[in-house]
Amino acid sequence: MRKVVFYKTESGKCPVEGFLDSLSSKQAQKAVWVLSIVEELDSVPSNYLKKLVNTDDIWEVRVNCSNDIFRFLGFFDGPNLIILNHAFQKKTQKTPHTEIKTAEERKKDYLRRRHL
């Protein structure tokens, strides 16, 4: 069983929580449901969890709610801990490079502070 944790900045802000708070209750409910699938299933279907190619080991949790598409980006810290550090509403076919870059920078920050 996996555990999903939200990244916090050095100042204590949690970007993923802020994103979830901006969603409608229906959207947030769907996102929480998908996150529970990621935590509970041994083998998560790729339509919910997928590794992004050509990244610094960044994974995306995929949430589709009616016509809205949301992505939560993060990484594994060990075999069963997923740190989600970025979220956005997806409007294009490909995941924008700027969104991936944000997730990669936050991953570096998390790993740097974890070793302090």
Side-chain angles (χ1 to χ4, degrees):
M1 198 159 133
R2 279 176 222 82
K3 181 171 171 69
V4 172
V5 173
F6 297 156
Y7 160 88
K8 283 188 169 55
T9 64
E10 204 159 6
S11 63
K13 287 180 74 177
C14 183
V16 174
E17 270 181 16
F19 179 79
L20 282 169
D21 289 345
S22 74
L23 299 178
S24 72
S25 61
K26 181 182 173 190
Q27 293 167 333
Q29 200 172 20
K30 178 74 182 262
V32 168
W33 179 78
V34 171
L35 293 175
S36 69
I37 285 175
V38 170
E39 282 190 323
E40 293 169 11
L41 293 182
D42 289 334
S43 180
V44 181
S46 64
N47 58 318
Y48 296 123
L49 180 66
K50 185 176 182 184
K51 185 176 181 190
L52 295 177
V53 296
N54 300 323
T55 66
D56 181 20
D57 209 21
I58 299 296
W59 289 71
E60 72 176 358
V61 175
R62 310 165 113 198
V63 178
N64 295 334
C65 184
S66 302
N67 293 331
D68 297 314
I69 301 169
F70 305 108
R71 295 294 187 256
F72 294 84
L73 302 182
F75 57 95
F76 279 86
D77 183 5
N80 295 313
L81 180 63
I82 299 176
I83 310 297
L84 294 181
N85 62 14
H86 187 51
F88 62 98
Q89 183 168 0
K90 190 169 178 200
K91 297 180 185 204
T92 60
Q93 191 65 30
K94 280 185 83 169
T95 301
H97 184 69
T98 54
E99 307 291 359
I100 294 169
K101 201 92 182 125
T102 299
E104 289 175 335
E105 288 171 8
R106 289 178 179 163
K107 176 183 178 182
K108 285 179 193 157
D109 175 62
Y110 169 88
L111 293 173
R112 178 185 57 81
R113 289 188 291 127
R114 186 187 71 176
H115 293 299
L116 294 178

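The model shown is predicted, which means the values in this text are computed figures rather than measured ones.
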Check: L73 and L52 side chains under 4.5 Å, non-hydrogen atoms: yes
Presence of salt bridge, D109 and R112, under 4.0 angstrom: yes
Ring pair (Phe, Tyr, Trp, His ring centres under 6.0 Å): pairs with one or both residues in residues 90-111, sequence neighbours excluded: F75-Y110
Side chain to side chain, V4 and L84, heavy atoms closer than 4.5 Å: yes
Approximate separation, where rounding is to 0.5 Å, of T95 OG1 and I100 CD1: 5.5 Å
Greater than 12 external heavy atoms within 6.0 Å of D57's CG: yes
Common cluster, I37/L49, ILVMFWY with side-chain heavy-atom separation under 4.5 Å: yes
D56 (side chain) donor-acceptor with E104 (main chain) under 3.5 angstrom: no
Side chains of K50 and W59 in contact at under 4.5 Å (non-hydrogen atoms): no
Side chain to side chain, K26 and S66, heavy atoms closer than 4.5 Å: yes
N/O donor-acceptor pair under 3.5 Å between E17 side chain and C14 backbone: no
Worked check of salt bridge (charged side-chain N to carboxylate O under 4.0 Å, His left out) between R2 and E39: CA-CA 5 Å; R2 279 176 222 82; E39 282 190 323; over 6 Å; no
Which atom of R106 lies closest to which atom of N85, heavy atoms considered: NH1-O, 2.7 Å
Salt bridge flag under 4.0 Å for residues K90 and D68: no
Same cluster (ILVMFWY, side-chain, under 4.5 Å), W33 and L23: yes
Hphob cluster co-occupancy, L35 + F88, side-chain heavy atoms under 4.5 angstrom: no
Where N47 and R62 come nearest, the two heavy atoms and their spacing: O-CB, 3.4 Å
Polar side-chain atom of T92 near backbone of K94 as donor-acceptor pair, under 3.5 Å: yes
Beyond-backbone contact of K107 with I83, side-chain heavy atoms, under 4.5 angstrom: no
Cluster link F70 to I82, ILVMFWY, side chain under 4.5 Å: yes
CD/Q89: more than 12 non-hydrogen atoms of other groups inside 6.0 Å: yes
Verify same cluster id: I69, F72 (apolar side-chain graph, 4.5 Å): no
Minimal non-hydrogen separation, Y7 against P15, with atom names: O-CD, 3.6 Å
For K30 against V63, the heavy-atom pair lying closest together: CG-CG1, 3.7 Å
Counterpart residues, salt bridge (Lys or Arg N to Asp or Glu O under 4.0 Å), relative to D42 (two or more places apart): none
Backbone N/O of K8 and side chain of K13: donor-acceptor pair under 3.5 Å: no
